[in-house]
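Structure, as structure tokens:
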Amino acid sequence: AVRVRPLLSSLESGCAHCVDVMHGAGDGITGNPSVIKIGGEAGPAFTFDEVFPTSTTQVQVFEHRVAPLVESCMEGYNATILAYGQTGSGKTHTVIGPSVTVQDDTSSGIIPRAVTSLFQKLQSVKQEAFLKRDPPSGKSAEAENDEVSYEFEVRVQFLELYGEEIRDLLTSSASAEKFSIRDVGTNDEPEGVGATAQTVESAEEAMRCFTMG
């Protein structure tokens, strides 16, 4: 997916509009496929799975591209979001937003929204399991030997890959020891061997780890 940011009044005042977004059949926000044209009607056109025009909100980006991945995580699948673009293209705004808090529902980026959504879904599943085990008065209880329970643990890692070296950003050491990523375990899943894994119990705690990193 491509997100087109608006011109920055502080840096690009006086610049002419140069990107046009043309949608296929869709909901009016995004289409499938979507096309961008650069440099006016005679300019080249590029087709993508999805294009977000300058009017797209943070909520729309999350709902279209990230919320389905959070659902997949709840079903046991790994998910990755990769933000790619040159300096000043809007990566930080899309991924984080203007701050790392989880309070701003309007401008919060992908990470605060995804973490908040994940904890909300986990708490909802835990509550449903509790009601099945101890139903409120007036509702049928399950068999005594068919007890339902649900527990979860969320751990956060924050790694930096720069110049082909990987650093742990959650370590308390001023000079973080560099380490490698190797396939470990019975399923040969990649893991940063020796990297800090901080257990968090809320979205706020997770974002504090982000701030510390």
Side-chain angles (χ1 to χ4, degrees), residues 1-12 15 17-24 26-27 29-39 43-73 77-102 104 106-118 156-170 176 178-183 189-192 195 203 206-207 209-213:
V2 172
R3 186 178 191 184
V4 183
R5 71 156 173 79
L7 296 176
L8 303 177
S9 58
S10 59
L11 300 175
E12 300 162 335
C15 293
H17 173 77
C18 60
V19 179
D20 293 302
V21 179
M22 298 173 292
H23 298 302
D27 57 8
I29 300 171
T30 58
N32 189 16
S34 291
V35 177
I36 61 174
K37 289 185 69 68
I38 298 178
F46 302 89
T47 302
F48 299 92
D49 292 336
E50 198 164 30
V51 176
F52 296 105
T54 58
S55 59
T56 308
T57 65
Q58 297 281 68
V59 175
Q60 290 168 339
V61 172
F62 177 78
E63 291 296 334
H64 275 262
R65 305 306 300 185
V66 184
L69 297 182
V70 178
E71 291 285 354
S72 296
C73 284
Y77 293 95
N78 291 325
T80 300
I81 291 291
L82 175 65
Y84 177 83
Q86 68 190 61
T87 300
S89 59
K91 300 184 299 296
T92 301
H93 175 75
T94 295
V95 174
I96 305 171
S99 69
V100 297
T101 65
V102 296
D104 192 339
T106 302
S107 57
S108 292
I110 286 172
I111 291 178
R113 291 180 188 277
V115 172
T116 300
S117 176
L118 179 63
V156 174
Q157 287 186 317
F158 195 178
L159 309 179
E160 177 191 64
L161 173 61
Y162 184 78
E164 298 185 1
E165 293 181 342
I166 305 169
R167 293 197 304 157
D168 182 359
L169 299 182
L170 295 184
K178 299 177 179 63
F179 59 93
S180 61
I181 292 181
R182 296 199 297 265
D183 293 338
E189 293 185 353
E191 178 179 317
M207 296 312 298
C209 288
F210 186 89
T211 302
M212 181 173 65

Quiz item: Are any non-hydrogen side-chain atoms of Pro53 and Val4 less than 4.5 angstrom apart?
Solution: no

Quiz item: Can you name the residues that form a side-chain contact (heavy atoms from CB on, under 4.5 Å) with Ala114, not counting sequence neighbours?
Solution: Phe62, Val66, Val70

Quiz item: Quick one: salt bridge (Lys or Arg N to Asp or Glu O under 4.0 Å) partners of Glu160, sequence neighbours excluded?
Solution: Arg167

Practice problem: Just jot down the salt bridge (Lys or Arg N to Asp or Glu O under 4.0 Å) partners of Glu71, sequence neighbours excluded, or say none. | Solution: Lys121

Quiz item: Does any non-hydrogen side-chain atom of Ile110 lie less than 4.5 Å from one of Gln58?
Solution: no

Quiz item: If we only count heavy atoms from C-beta on, is the Ile36 to Asp20 side-chain gap below 4.5 Å?
Solution: no

Expected list for residues 84-93: side-chain donor-acceptor pairs under 3.5 angstrom, two or more places apart:
unit_1 : atom_1 : unit_2 : atom_2 : d
Ser89  : OG     : Gln86  : O      : 2.7
Lys91  : NZ     : Gly85  : O      : 2.9
Lys91  : NZ     : Gln86  : O      : 3.1

Exercise. Using distance alone, with no hydrogens and no angle criterion, decide if Arg3 and Thr94 have a side-chain donor and acceptor under 3.5 Å apart.
Key: yes

Exercise. Of all the heavy-atom pairs spanning Met212 and Leu170, show the shortest one and how long it is.
Key: CE-CD2, 3.6 Å

Quiz item: So, for Ala1 and Arg65, which heavy atoms are closest and what is the spacing to 0.1 Å?
Solution: CB-NE, 3.9 Å

Quiz item: Sequence neighbours excluded, which residues qualify as ring-ring contact (aromatic ring centres under 6.0 Å, His included) partners of Phe210?
Solution: Phe158

Quiz prompt | Interatomic distance, Asp183 atom CG to Glu191 atom CD [nearest 0.5 angstrom] | solution = 10.0 Å

Quiz item: Given the rule in the salt bridge (charged side-chain N to carboxylate O under 4.0 Å, His left out) test, do Glu12 and Arg5 qualify, once you have shown the distances and angles that lead to the verdict?
Solution: CA-CA 12 Å; Glu12 300 162 335; Arg5 71 156 173 79; 2.9 Å; yes

Self-check item: Listed once per pair and sorted, the salt bridge (Lys or Arg N to Asp or Glu O under 4.0 Å) pairs that draw on residues 52-64, sequence neighbours left out
Solution: none

Quiz item: Could you walk me through whether Thr57 and Gln60 pass the side-chain contact (heavy atoms from CB on, under 4.5 Å) check?
Solution: CA-CA 5 Å; Thr57 65; Gln60 290 168 339; 3.2 Å; yes

